[in-house]
2 protein chains.
Amino acid sequence: MTSKQEFIEKLRNSSLRPTKQRINICEVLFNRDKTFHFTINDLFNLIKDKTGEKVSLATVYNTVDAFLKKGYLKEIPINSNQTYFDTNVTDHHHFFDVKEEKLIDIKNEDVGPIEIQKSIPGKKIKSVEVLVKLED
Amino acid sequence: MTSKQEFIEKLRNSSLRPTKQRINICEVLFNRDKTFHFTINDLFNLIKDKTGEKVSLATVYNTVDAFLKKGYLKEIPINSNQTYFDTNVTDHHHFFDVKEEKLIDIKNEDVGPIEIQKSIPGKKIKSVEVLVKLED
DNA sequence: AATCTTCTTTAGAATAATTATAAACAACGA
DNA sequence: TCGTTGTTTATAATTATTCTAAAGAAGATT
Ligand SMILES: [Mn+2]
Ligand SMILES: [Mn+2]
Ligand SMILES: [Zn+2]
Ligand SMILES: [Zn+2]
(Lines give C-alpha, C1' and ligand atoms only; values in the text may rest on other atoms or scores of the structure.)
(Ligands and ions follow the chains in the order given, each with its own letter.)
Protein backbone atom coordinates (compact mmCIF):
# COMPACT_ATOMS: atom_id res chain seq x y z
CA MET A 1 0.00 0.00 0.00
CA THR A 2 1.70 3.11 -1.26
CA SER A 3 0.35 6.44 -0.06
CA LYS A 4 -0.71 9.29 -2.24
CA GLN A 5 2.01 11.38 -0.60
CA GLU A 6 4.69 8.98 -1.83
CA PHE A 7 3.45 9.27 -5.39
CA ILE A 8 3.57 13.03 -5.11
CA GLU A 9 7.19 12.86 -4.00
CA LYS A 10 8.07 10.35 -6.66
CA LEU A 11 6.59 12.62 -9.32
CA ARG A 12 8.33 15.70 -7.96
CA ASN A 13 11.64 13.87 -7.83
CA SER A 14 11.15 13.04 -11.48
CA SER A 15 10.45 16.66 -12.45
CA LEU A 16 6.88 15.75 -13.19
CA ARG A 17 4.26 17.95 -11.62
CA PRO A 18 2.02 15.95 -9.33
CA THR A 19 -1.29 16.55 -11.00
CA LYS A 20 -4.53 14.91 -9.98
CA GLN A 21 -4.43 12.86 -13.17
CA ARG A 22 -0.90 11.58 -12.67
CA ILE A 23 -1.58 10.68 -9.07
CA ASN A 24 -4.66 8.72 -10.11
CA ILE A 25 -2.67 6.92 -12.76
CA CYS A 26 0.01 6.09 -10.18
CA GLU A 27 -2.63 4.65 -7.88
CA VAL A 28 -3.91 2.37 -10.59
CA LEU A 29 -0.48 1.34 -11.84
CA PHE A 30 1.62 1.04 -8.74
CA ASN A 31 -0.75 0.47 -5.84
CA ARG A 32 -0.85 -3.27 -6.25
CA ASP A 33 0.90 -6.41 -5.07
CA LYS A 34 1.69 -8.10 -8.32
CA THR A 35 3.12 -6.97 -11.60
CA PHE A 36 0.61 -5.39 -13.94
CA HIS A 37 0.58 -5.92 -17.69
CA PHE A 38 -1.67 -3.59 -19.57
CA THR A 39 -2.57 -1.79 -22.74
CA ILE A 40 -3.39 1.91 -22.90
CA ASN A 41 -7.02 1.00 -23.20
CA ASP A 42 -6.93 -1.29 -20.17
CA LEU A 43 -5.44 1.52 -18.16
CA PHE A 44 -7.83 4.14 -19.49
CA ASN A 45 -10.79 2.04 -18.39
CA LEU A 46 -9.33 1.07 -15.04
CA ILE A 47 -8.76 4.68 -14.08
CA LYS A 48 -12.44 5.41 -14.41
CA ASP A 49 -13.40 2.23 -12.57
CA LYS A 50 -10.95 2.50 -9.69
CA THR A 51 -10.81 6.22 -9.04
CA GLY A 52 -14.18 7.34 -10.31
CA GLU A 53 -12.45 10.18 -12.15
CA LYS A 54 -11.99 10.34 -15.87
CA VAL A 55 -8.63 11.09 -17.38
CA SER A 56 -8.42 11.91 -21.04
CA LEU A 57 -6.97 9.34 -23.38
CA ALA A 58 -4.28 11.79 -24.47
CA THR A 59 -3.14 12.16 -20.88
CA VAL A 60 -2.98 8.41 -20.45
CA TYR A 61 -0.71 8.21 -23.48
CA ASN A 62 1.35 11.16 -22.29
CA THR A 63 1.78 9.80 -18.80
CA VAL A 64 2.68 6.31 -19.90
CA ASP A 65 5.25 7.84 -22.23
CA ALA A 66 6.67 9.93 -19.41
CA PHE A 67 6.85 6.93 -17.08
CA LEU A 68 8.54 4.87 -19.77
CA LYS A 69 11.20 7.54 -20.17
CA LYS A 70 11.71 7.69 -16.43
CA GLY A 71 12.01 3.92 -16.28
CA TYR A 72 8.91 3.33 -14.17
CA LEU A 73 7.33 1.23 -16.88
CA LYS A 74 8.55 -0.88 -19.71
CA GLU A 75 7.21 -1.93 -23.05
CA ILE A 76 6.83 -5.62 -23.81
CA PRO A 77 7.83 -6.66 -27.30
CA ILE A 78 4.92 -8.57 -28.71
CA ASN A 79 2.87 -8.54 -31.86
CA SER A 80 -0.53 -7.29 -31.12
CA ASN A 81 -2.68 -4.52 -32.41
CA GLN A 82 -2.05 -2.77 -29.12
CA THR A 83 1.19 -2.08 -27.28
CA TYR A 84 1.64 -3.82 -23.94
CA PHE A 85 3.30 -2.25 -20.92
CA ASP A 86 4.59 -3.69 -17.69
CA THR A 87 5.01 -2.30 -14.19
CA ASN A 88 7.77 -4.82 -13.60
CA VAL A 89 10.85 -3.02 -14.84
CA THR A 90 13.32 -5.66 -13.71
CA ASP A 91 14.83 -8.09 -16.21
CA HIS A 92 12.34 -10.85 -16.78
CA HIS A 93 10.53 -12.84 -19.43
CA HIS A 94 6.98 -13.58 -20.50
CA PHE A 95 4.40 -16.08 -21.44
CA PHE A 96 1.85 -14.73 -23.84
CA ASP A 97 -1.43 -16.57 -23.83
CA VAL A 98 -2.42 -16.01 -27.41
CA LYS A 99 -6.09 -16.89 -26.90
CA GLU A 100 -6.62 -14.81 -23.77
CA GLU A 101 -4.25 -12.08 -24.95
CA LYS A 102 -2.68 -12.04 -21.51
CA LEU A 103 0.93 -11.72 -20.43
CA ILE A 104 2.36 -13.69 -17.53
CA ASP A 105 5.74 -13.05 -15.94
CA ILE A 106 8.53 -15.58 -15.98
CA LYS A 107 11.20 -14.80 -13.43
CA ASN A 108 14.73 -14.60 -14.72
CA GLU A 109 15.78 -17.59 -12.63
CA ASP A 110 13.05 -19.71 -14.21
CA VAL A 111 14.79 -19.38 -17.52
CA GLY A 112 18.43 -19.34 -16.53
CA PRO A 113 21.17 -17.26 -18.05
CA ILE A 114 20.93 -16.77 -21.77
CA GLU A 115 24.29 -16.74 -23.46
CA ILE A 116 24.25 -15.12 -26.87
CA GLN A 117 27.14 -16.66 -28.81
CA LYS A 118 27.06 -14.05 -31.50
CA SER A 119 27.82 -10.38 -31.61
CA ILE A 120 27.44 -7.54 -34.04
CA PRO A 121 30.44 -5.25 -34.45
CA GLY A 122 29.82 -1.75 -33.15
CA LYS A 123 26.64 -2.71 -31.35
CA LYS A 124 26.03 -3.67 -27.78
CA ILE A 125 23.25 -5.57 -26.15
CA LYS A 126 20.54 -3.45 -24.60
CA SER A 127 18.14 -6.18 -23.53
CA VAL A 128 17.51 -9.89 -23.88
CA GLU A 129 13.93 -11.00 -23.62
CA VAL A 130 12.26 -14.34 -24.03
CA LEU A 131 8.70 -14.57 -25.21
CA VAL A 132 6.96 -17.91 -24.80
CA LYS A 133 3.71 -18.18 -26.68
CA LEU A 134 1.08 -20.43 -25.14
CA GLU A 135 -1.75 -22.33 -26.76
CA ASP A 136 -4.41 -24.64 -25.34
CA MET B 1 17.75 -20.29 -57.59
CA THR B 2 14.21 -21.54 -57.56
CA SER B 3 12.36 -21.69 -60.85
CA LYS B 4 9.04 -20.12 -61.54
CA GLN B 5 7.68 -23.61 -62.20
CA GLU B 6 8.54 -24.69 -58.69
CA PHE B 7 6.64 -21.76 -57.24
CA ILE B 8 3.63 -22.68 -59.34
CA GLU B 9 3.72 -26.20 -57.98
CA LYS B 10 4.23 -25.00 -54.45
CA LEU B 11 1.21 -22.76 -54.74
CA ARG B 12 -0.93 -25.48 -56.32
CA ASN B 13 0.06 -27.92 -53.61
CA SER B 14 -1.12 -25.37 -51.09
CA SER B 15 -4.50 -24.87 -52.77
CA LEU B 16 -3.48 -21.40 -53.78
CA ARG B 17 -4.02 -20.53 -57.41
CA PRO B 18 -0.74 -19.62 -59.05
CA THR B 19 -1.53 -16.09 -60.12
CA LYS B 20 0.95 -13.72 -61.68
CA GLN B 21 0.93 -11.68 -58.49
CA ARG B 22 1.62 -14.59 -56.17
CA ILE B 23 4.40 -15.87 -58.37
CA ASN B 24 6.04 -12.46 -58.36
CA ILE B 25 5.75 -12.30 -54.61
CA CYS B 26 7.33 -15.75 -54.35
CA GLU B 27 10.22 -14.61 -56.51
CA VAL B 28 10.88 -11.67 -54.26
CA LEU B 29 10.45 -13.58 -51.03
CA PHE B 30 11.98 -16.96 -51.71
CA ASN B 31 14.44 -16.53 -54.55
CA ARG B 32 17.32 -15.55 -52.34
CA ASP B 33 20.21 -17.08 -50.46
CA LYS B 34 19.74 -15.60 -47.03
CA THR B 35 16.81 -15.18 -44.76
CA PHE B 36 14.70 -12.13 -45.48
CA HIS B 37 13.14 -9.95 -42.80
CA PHE B 38 10.62 -7.47 -44.06
CA THR B 39 7.61 -5.31 -43.48
CA ILE B 40 4.62 -5.21 -45.81
CA ASN B 41 5.87 -1.92 -47.13
CA ASP B 42 9.36 -3.27 -47.81
CA LEU B 43 7.83 -6.09 -49.79
CA PHE B 44 5.40 -3.86 -51.64
CA ASN B 45 8.27 -1.68 -52.85
CA LEU B 46 10.59 -4.56 -53.67
CA ILE B 47 8.00 -6.18 -55.90
CA LYS B 48 7.89 -3.12 -58.12
CA ASP B 49 11.68 -2.81 -58.13
CA LYS B 50 12.53 -6.43 -58.77
CA THR B 51 9.77 -7.59 -61.09
CA GLY B 52 8.78 -4.32 -62.73
CA GLU B 53 5.14 -5.22 -62.12
CA LYS B 54 2.96 -3.57 -59.57
CA VAL B 55 0.91 -5.61 -57.16
CA SER B 56 -1.76 -3.90 -55.12
CA LEU B 57 -1.12 -3.34 -51.45
CA ALA B 58 -4.22 -5.37 -50.59
CA THR B 59 -2.81 -8.35 -52.45
CA VAL B 60 0.48 -8.05 -50.64
CA TYR B 61 -1.38 -8.19 -47.34
CA ASN B 62 -3.55 -11.07 -48.54
CA THR B 63 -0.65 -13.08 -49.82
CA VAL B 64 1.49 -12.60 -46.76
CA ASP B 65 -1.49 -13.69 -44.67
CA ALA B 66 -1.97 -16.77 -46.82
CA PHE B 67 1.73 -17.66 -46.62
CA LEU B 68 1.70 -17.18 -42.86
CA LYS B 69 -1.21 -19.61 -42.56
CA LYS B 70 0.57 -22.12 -44.76
CA GLY B 71 3.71 -21.79 -42.68
CA TYR B 72 5.88 -20.31 -45.43
CA LEU B 73 6.46 -17.15 -43.44
CA LYS B 74 6.44 -16.22 -39.83
CA GLU B 75 5.76 -13.12 -37.86
CA ILE B 76 8.47 -11.74 -35.60
CA PRO B 77 7.28 -10.47 -32.26
CA ILE B 78 8.60 -6.98 -31.90
CA ASN B 79 7.22 -3.58 -31.04
CA SER B 80 7.24 -1.39 -34.02
CA ASN B 81 4.68 0.61 -35.89
CA GLN B 82 4.90 -2.03 -38.58
CA THR B 83 4.74 -5.82 -38.36
CA TYR B 84 7.87 -7.73 -39.33
CA PHE B 85 7.89 -11.02 -41.19
CA ASP B 86 10.56 -13.61 -41.79
CA THR B 87 11.21 -16.12 -44.55
CA ASN B 88 13.12 -18.26 -42.07
CA VAL B 89 10.40 -20.41 -40.56
CA THR B 90 12.73 -22.60 -38.53
CA ASP B 91 13.14 -22.05 -34.79
CA HIS B 92 15.55 -19.20 -34.29
CA HIS B 93 16.07 -15.93 -32.51
CA HIS B 94 16.76 -12.30 -33.37
CA PHE B 95 18.78 -9.25 -32.80
CA PHE B 96 16.85 -6.06 -33.37
CA ASP B 97 18.96 -3.07 -34.18
CA VAL B 98 16.74 -0.39 -32.72
CA LYS B 99 18.41 2.47 -34.55
CA GLU B 100 18.49 0.85 -37.98
CA GLU B 101 15.17 -0.94 -37.42
CA LYS B 102 16.71 -4.11 -38.80
CA LEU B 103 16.38 -7.72 -37.71
CA ILE B 104 19.31 -10.13 -37.72
CA ASP B 105 19.01 -13.88 -37.25
CA ILE B 106 20.57 -15.69 -34.33
CA LYS B 107 20.82 -19.40 -34.95
CA ASN B 108 19.31 -21.63 -32.30
CA GLU B 109 22.72 -23.10 -31.47
CA ASP B 110 24.08 -19.63 -30.80
CA VAL B 111 21.71 -19.31 -27.90
CA GLY B 112 21.56 -22.84 -26.61
CA PRO B 113 18.53 -24.64 -25.27
CA ILE B 114 16.17 -22.50 -23.26
CA GLU B 115 14.61 -24.34 -20.38
CA ILE B 116 11.45 -22.75 -19.11
CA GLN B 117 11.13 -23.82 -15.45
CA LYS B 118 7.55 -22.74 -15.19
CA SER B 119 4.33 -23.95 -16.69
CA ILE B 120 0.76 -22.81 -16.89
CA PRO B 121 -1.89 -25.47 -16.26
CA GLY B 122 -3.93 -26.27 -19.33
CA LYS B 123 -1.59 -24.47 -21.67
CA LYS B 124 1.24 -25.75 -23.79
CA ILE B 125 4.20 -24.01 -25.29
CA LYS B 126 3.79 -23.01 -28.90
CA SER B 127 7.06 -21.14 -29.40
CA VAL B 128 10.01 -19.78 -27.50
CA GLU B 129 11.70 -16.77 -29.00
CA VAL B 130 14.51 -14.58 -27.82
CA LEU B 131 14.71 -10.97 -28.86
CA VAL B 132 18.00 -9.18 -28.27
CA LYS B 133 17.79 -5.44 -28.69
CA LEU B 134 20.95 -3.73 -29.88
CA GLU B 135 22.13 -0.19 -29.36
CA ASP B 136 25.30 1.63 -30.43
C1' DA C 1 -2.53 37.00 -2.56
C1' DA C 2 -1.89 38.57 -7.30
C1' DT C 3 0.88 37.82 -11.20
C1' DC C 4 3.90 35.46 -14.36
C1' DT C 5 5.82 31.56 -16.38
C1' DT C 6 5.99 26.98 -17.51
C1' DC C 7 4.03 22.62 -17.67
C1' DT C 8 -0.13 19.78 -18.26
C1' DT C 9 -4.58 18.42 -19.76
C1' DT C 10 -7.92 18.08 -23.12
C1' DA C 11 -10.95 17.61 -27.24
C1' DG C 12 -10.49 16.99 -31.47
C1' DA C 13 -7.94 16.49 -35.81
C1' DA C 14 -4.31 14.09 -38.30
C1' DT C 15 -1.63 10.05 -39.37
C1' DA C 16 -0.78 5.53 -40.69
C1' DA C 17 -1.06 0.43 -40.44
C1' DT C 18 -4.28 -2.85 -41.21
C1' DT C 19 -8.78 -4.85 -42.47
C1' DA C 20 -13.14 -4.92 -44.91
C1' DT C 21 -16.03 -4.29 -49.15
C1' DA C 22 -17.61 -5.30 -53.41
C1' DA C 23 -16.99 -5.24 -58.24
C1' DA C 24 -13.96 -6.73 -62.08
C1' DC C 25 -11.11 -10.41 -63.35
C1' DA C 26 -8.68 -14.88 -63.85
C1' DA C 27 -7.98 -19.88 -62.93
C1' DC C 28 -10.02 -24.25 -63.12
C1' DG C 29 -13.02 -28.06 -63.96
C1' DA C 30 -16.83 -29.81 -66.54
C1' DT D 1 -16.83 -22.59 -73.88
C1' DC D 2 -19.26 -21.94 -69.73
C1' DG D 3 -20.11 -21.86 -64.95
C1' DT D 4 -18.02 -21.75 -60.56
C1' DT D 5 -15.02 -20.39 -57.35
C1' DG D 6 -11.03 -17.98 -55.93
C1' DT D 7 -8.29 -13.65 -56.57
C1' DT D 8 -7.12 -8.91 -57.33
C1' DT D 9 -7.99 -4.26 -56.86
C1' DA D 10 -9.39 0.46 -55.67
C1' DT D 11 -11.35 2.37 -52.19
C1' DA D 12 -13.51 2.93 -47.78
C1' DA D 13 -13.56 1.76 -42.93
C1' DT D 14 -11.31 0.88 -38.73
C1' DT D 15 -8.32 1.73 -35.09
C1' DA D 16 -4.05 2.63 -32.39
C1' DT D 17 -1.25 6.32 -31.87
C1' DT D 18 0.45 11.06 -32.39
C1' DC D 19 -0.24 15.94 -33.07
C1' DT D 20 -2.28 20.56 -32.23
C1' DA D 21 -3.61 24.38 -29.95
C1' DA D 22 -6.33 26.37 -26.49
C1' DA D 23 -7.73 26.25 -21.61
C1' DG D 24 -6.27 25.11 -17.09
C1' DA D 25 -3.26 24.17 -13.11
C1' DA D 26 1.28 24.19 -10.66
C1' DG D 27 5.17 26.51 -9.09
C1' DA D 28 7.95 30.59 -8.72
C1' DT D 29 8.22 35.71 -8.02
C1' DT D 30 6.66 39.73 -6.38
MN1 LIG E 1 3.12 -4.60 -33.51
MN1 LIG F 1 2.51 -1.83 -32.29
ZN1 LIG G 1 6.20 -8.68 -16.95
ZN1 LIG H 1 14.79 -14.46 -38.71
Side-chain angles (χ1 to χ4, degrees), chain A residues 4-5 7-28 37-48 51-70 72-73 75-85 101, chain B residues 4-5 7-28 37-48 51-70 72-73 75-85 101:
Chain A
K4 186 163 162 173
Q5 205 43 239
F7 292 134
I8 292 177
E9 279 162 35
K10 184 176 177 174
L11 287 166
R12 281 227 180 80
N13 293 337
S14 317
S15 323
L16 296 171
R17 290 186 180 171
T19 63
K20 182 161 50 85
Q21 292 86 343
R22 282 175 178 159
I23 294 164
N24 281 337
I25 292 173
C26 282
E27 302 269 11
V28 174
H37 299 109
F38 64 97
T39 65
I40 292 289
N41 222 52
D42 292 337
L43 180 54
F44 178 70
N45 291 315
L46 269 179
I47 294 163
K48 277 183 297 196
T51 72
E53 297 175 56
K54 190 210 163 185
V55 173
S56 79
L57 188 57
T59 295
V60 179
Y61 272 102
N62 289 340
T63 303
V64 166
D65 273 5
F67 287 0
L68 275 178
K69 287 203 185 91
K70 297 293 176 183
Y72 303 147
L73 290 175
E75 209 175 323
I76 307 300
I78 199 180
N79 278 103
S80 164
N81 43 331
Q82 290 183 98
T83 303
Y84 278 79
F85 302 93
E101 296 189 298
Chain B
K4 186 162 161 171
Q5 204 45 235
F7 291 134
I8 291 176
E9 280 161 34
K10 186 177 177 173
L11 287 165
R12 280 228 179 77
N13 293 338
S14 317
S15 322
L16 296 171
R17 289 185 182 173
T19 62
K20 180 160 52 81
Q21 291 87 341
R22 283 176 177 158
I23 294 163
N24 281 337
I25 292 173
C26 282
E27 303 269 11
V28 174
H37 300 109
F38 64 97
T39 64
I40 292 288
N41 221 52
D42 293 337
L43 180 54
F44 178 71
N45 291 315
L46 270 178
I47 295 163
K48 277 183 296 195
T51 72
E53 298 175 56
K54 190 209 161 183
V55 172
S56 78
L57 188 57
T59 296
V60 179
Y61 272 103
N62 289 339
T63 304
V64 167
D65 272 6
F67 287 0
L68 274 178
K69 288 203 184 89
K70 295 294 176 184
Y72 303 147
L73 289 175
E75 208 175 325
I76 306 301
I78 200 179
N79 278 104
S80 164
N81 42 331
Q82 291 182 98
T83 303
Y84 278 78
F85 302 94
E101 296 189 300

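Quantities reported herein were computed from a predicted structural model and do not represent experimental measurements. A, B, ... follow the sequence lines: proteins, then strands. Residue 1 opens every chain.
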> Enumerate donor-acceptor pairs with a distance under 3.5 Å from any side-chain N or O in residues 56-69 of chain A to protein atoms, sequence neighbours excluded.
{"unit_1": "Ser56(A)", "atom_1": "OG", "unit_2": "Thr59(A)", "atom_2": "N", "d": "3.2"}
{"unit_1": "Ser56(A)", "atom_1": "OG", "unit_2": "Thr59(A)", "atom_2": "OG1", "d": "3.1"}
{"unit_1": "Asn62(A)", "atom_1": "ND2", "unit_2": "Ala58(A)", "atom_2": "O", "d": "3.3"}
{"unit_1": "Thr63(A)", "atom_1": "OG1", "unit_2": "Thr59(A)", "atom_2": "O", "d": "2.8"}

> For a quick test of reading the model: is some side-chain N or O of Thr83(A) closer than 4.0 Å to OP1 or OP2 of dA16(D)?
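Checking Thr83(A) against dA16(D): no side-chain N or O falls below 4.0 Å of OP1 or OP2.
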> Could you tell me the separation between the CD atom of Glu53(B) and the P atom of dT9(D), rounded to a whole number of Å?
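The distance from CD of Glu53(B) to P of dT9(D) comes to 10 Å, rounded to the nearest Å.
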> Output all residues satisfying ring pair (Phe, Tyr, Trp, His ring centres under 6.0 Å) with Phe38(A), sequence neighbours left out; order by chain, then residue number.
Phe36(A), Phe85(A)
> Between Arg12(A) (CZ) and dG27(D) (C1'), how many Å, whole number?
9 Å
> Mark yes when over 12 heavy atoms from residues, nucleotides or ligands other than Lys4(B) sit less than 6.0 Å from its NZ; otherwise mark no.
no
> Work out which heavy atom in Pro18(B) is nearest to a heavy atom in Ile23(B); give both atom names and the distance.
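Where Pro18(B) meets Ile23(B) most closely, the heavy atoms are O-CD1, 3.8 Å.
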> At a heavy-atom distance below 4.0 Å, what parts of residues 14-24 of chain B sit against DNA chain D?
Leu16(B), Arg17(B), Thr19(B), Gln21(B), Arg22(B)
> Could you tell me whether the side chain of Arg22(A) reaches within less than 4.5 Å of the side chain of Arg17(A), counting heavy atoms only?
yes
> Mind checking salt bridge (Lys or Arg N to Asp or Glu O under 4.0 Å) for Lys20(B) and listing every partner two or more places apart, or none if nothing turns up?
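Partners of Lys20(B) under the salt bridge (Lys or Arg N to Asp or Glu O under 4.0 Å) test: Glu53(B).
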> Tell me the interatomic distance from Phe85(A), atom CZ, to dA16(D), atom C1', rounded to whole angstroms.
11 Å
> May I ask you to test the Leu16(A)-Arg12(A) pair for a side-chain heavy-atom distance under 4.5 Å?
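Leu16(A) does not reach Arg12(A) side chain to side chain.
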> Can you sort out which residues in residues 37-45 of chain A have a heavy atom within less than 4.0 Å of DNA chain C? Ascending by number, please.
none
> Write down the distance between OH (Tyr61(A)) and C1' (dC19(D)), rounded to a whole number of angstrom.
13 Å
> Give me the first and last nucleotide of DNA chain C, going 5' to 3', that has any atom under 4.0 Å from a heavy atom of chain B.
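Going 5' to 3' along DNA chain C, contacts run dA17(C) to dC28(C).
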> Does the side chain of Thr83(B) reach to within under 4.5 Å of the side chain of Thr39(B), using non-hydrogen atoms?
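No; the side chains remain at least 4.5 Å from each other.
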> Please state how far atom CD in Glu75(A) lies from atom C1' in dT17(D), giving the value in whole angstrom units.
12 Å
> Give, for atom CD of Gln21(B) and atom CD1 of Ile47(B), the distance between the pair rounded to the nearest 0.5 Å.
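CD1 of Ile47(B) is found 9.5 Å from CD of Gln21(B).
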> Nearest whole angstrom, please: distance from the C1' of dT7(D) to the CD1 of Ile8(B).
16 Å
> Let me know the distance between CG of Asn62(A) and C1' of dA21(D), rounded to the nearest Å.
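The distance from CG of Asn62(A) to C1' of dA21(D) comes to 14 Å, rounded to the nearest Å.
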> Taking the side chain as every heavy atom from C-beta outward, state whether Gln82(A) and Asn41(A) have any atom pair closer than 4.5 Å.
yes
> Specify the separation, in whole Å, of atom OH of Tyr84(A) and atom C1' of dT17(D).
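The answer, rounded to whole Å, is 16 Å.
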> Measure from NZ or CZ of Lys10(A) to the centre of the six-membered ring of Tyr72(A) and say whether it is under 6.0 Å with the direction within 45° of the ring axis.
yes
